[in-house]
Amino acid sequence: MDKVVVSLGGSVIVPDDKDDVFLKRLAKMVSELCDNYQIYLVCGGGKVARYYIRLGRSLDLSEDQLDDMGIMATRLNAKLVSYTLGEISAIKIPEDIIEAQRLECKGKVVVMGGTVPGHTTDAVSSMLAKEVGAVRIINGTSVDAAYTADPKKDPKAERLSSITHQHLYELVNMGLHGAGPSNVFDKLGAQIARDNHIDIYIVNGRDMEEMRSAIEGKPIKGTVVSD
Ligand code: UTP
């Protein structure tokens, strides 16, 4: 059975915009696919993580302490997703990728957040995909695709339907801000996927048809990153 890792941004899970409707639709879509794919959902921390990290920084907490609070926020979102999935969710939220792999089970979805300080859940997704031999990584994000520049700021920004890993790596290294390349995947995650030849499908995480097509490896409106 093909394994698929979904990196679900916190900005997709809890933007405070009909989040309950989204979570129910996500649970339904995943329940329809989980007998045919081993699905891993890696949840980001979103606004909650950013709030604690910003506050902690103004209190002069260490980077490790800030990351630790970020991880707690990702795990809170993972709990929310796991509870919403109900019985198709694995029995616990794994704290590292080895534990995640051990929880693999036909018909069950492994839901997790971050692991250790120093990276983001996109990087966790790539590490997990490498560890379990996933056929692809889905990045369910708040933008609908990768662009050559930030489409909100640059009218000449072009939407990219298919790019190489090296191209993605260069885009994320440009360090642009906003709904552009910097949002589409993180650097370390892009590097691990590139070095291990794992395709990344970048899609709008709130578009359930896109998410479904990406999990199934079908054509998407977003961006496919491959060798
Ligand atoms: P996210 O994965 O949500 O970070 O983790 P992000 O990419 O900055 O945020 P999104 O994509 O908008 O949701 C939140 C924070 O938690 C810490 C980091 O500080 C990260 O920025 N974290 C997360 C870790 O230190 N380790 C992890 O494994 C995951």
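Whatever order the structure lists ligands and atoms in, that order sets their numbers, starting from 1.
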query = When rounded to the nearest 0.5 angstrom, what distance separates CG in Asp19 from CG in Asp17?
reply = 6.5 Å
message = So for Asp186, does at least one of its heavy atoms come nearer than 4.0 angstrom to any atom of ligand 1?
response = no
message = Heavy-atom contact check, 4.0 Å cutoff: does Ile71 meet ligand 1?
response = yes
Would you list the atom pairs, donor with acceptor, under 3.5 Å between side chains in residues 24-36 and any protein atom, with sequence neighbours excluded?
{"from": "Lys28", "atom 1": "NZ", "to": "Glu32", "atom 2": "OE2", "distance (Å)": "2.9"}
{"from": "Ser31", "atom 1": "OG", "to": "Ala27", "atom 2": "O", "distance (Å)": "3.3"}
{"from": "Ser31", "atom 1": "OG", "to": "Lys28", "atom 2": "O", "distance (Å)": "2.7"}
{"from": "Glu32", "atom 1": "OE1", "to": "Arg212", "atom 2": "NH2", "distance (Å)": "2.3"}

ask   = So, is Ala49 polar-close to ligand 1, with some N/O to N/O distance under 3.5 Å?
value = no
query = Has ligand 1 got any nitrogen or oxygen that is less than 3.5 angstrom from a nitrogen or oxygen of Thr120?
reply = no
inquiry  = With a cutoff of 4.0 Å, is Arg50 in contact with ligand 1, counting heavy atoms of the residue only?
reply    = yes
ask   = Just distances here: any N/O of Gly114 and N/O of ligand 1 closer than 3.5 Å?
value = no
query = Should you measure from each heavy atom of Gly44, which atoms of ligand 1 turn up under 4.0 Å away?
reply = 3 (O)
query = Would you say Thr74 has any N or O atom under 3.5 Å from an N or O of ligand 1, going by distance alone?
reply = no
Any donor-acceptor N or O pair under 3.5 Å, side chains Glu104, Tyr40 = yes
note = For Gly46, the ligand 1 atoms with a heavy-atom partner under 4.0 Å come out as 3 (O), 13 (O)
inquiry  = Just so I know, are the side chains of Leu41 and Val109 near enough to count as touching, which here means a heavy-atom distance under 4.5 Å?
reply    = yes
inquiry  = With side-chain hydrogen bond (donor to acceptor under 3.5 Å, both in side chains) as the test, pick out the partner of Lys221 among Asp207, Asn204, Asp144.
reply    = Asp207
ask   = Considering only heavy atoms of Val124, which atoms of ligand 1 have at least one such atom less than 4.0 Å away?
value = 28 (O)
key: Side-chain heavy atoms of Asn139 within contact of Val203, under 4.5 Å   = no
note = For Pro117, the atoms of ligand 1 under 4.0 Å from one of its heavy atoms are 25 (O)
task = Answer whether the closest heavy-atom distance between the side chains of Phe185 and Ile200 falls below 4.5 Å.
result = yes
remark   = Looking only at non-hydrogen atoms, the one of Ile53, Thr115, Val116 nearest atom 26 (N) of ligand 1 is Val116
request  = Would you indicate whether Lys108, at its atom NZ, is surrounded by more than 12 heavy atoms from other residues, nucleotides or ligands within a distance under 6.0 Å?
outcome  = yes
ask   = Do you know which of Thr121, Val81, Thr74 makes side chain to side chain contact (heavy atoms under 4.5 Å, CB included) with Cys43?
value = Val81
message = Measuring from atom NZ of Lys3 to atom CG of Leu128, what distance do you get when rounded to the nearest 0.5 angstrom?
response = 9.5 Å
inquiry  = Need the ligand 1 atom indices (1-based, order shown) with element for anything under 4.0 Å from a heavy-atom of Gly118.
reply    = 25 (O)
ask   = Any idea which atoms of ligand 1 are less than 4.0 Å away from a heavy-atom of Gly45?
value = 1 (P), 3 (O), 13 (O)
ask   = Looking only at distance, does Thr121 have an N or O less than 3.5 Å from an N or O of ligand 1?
value = yes
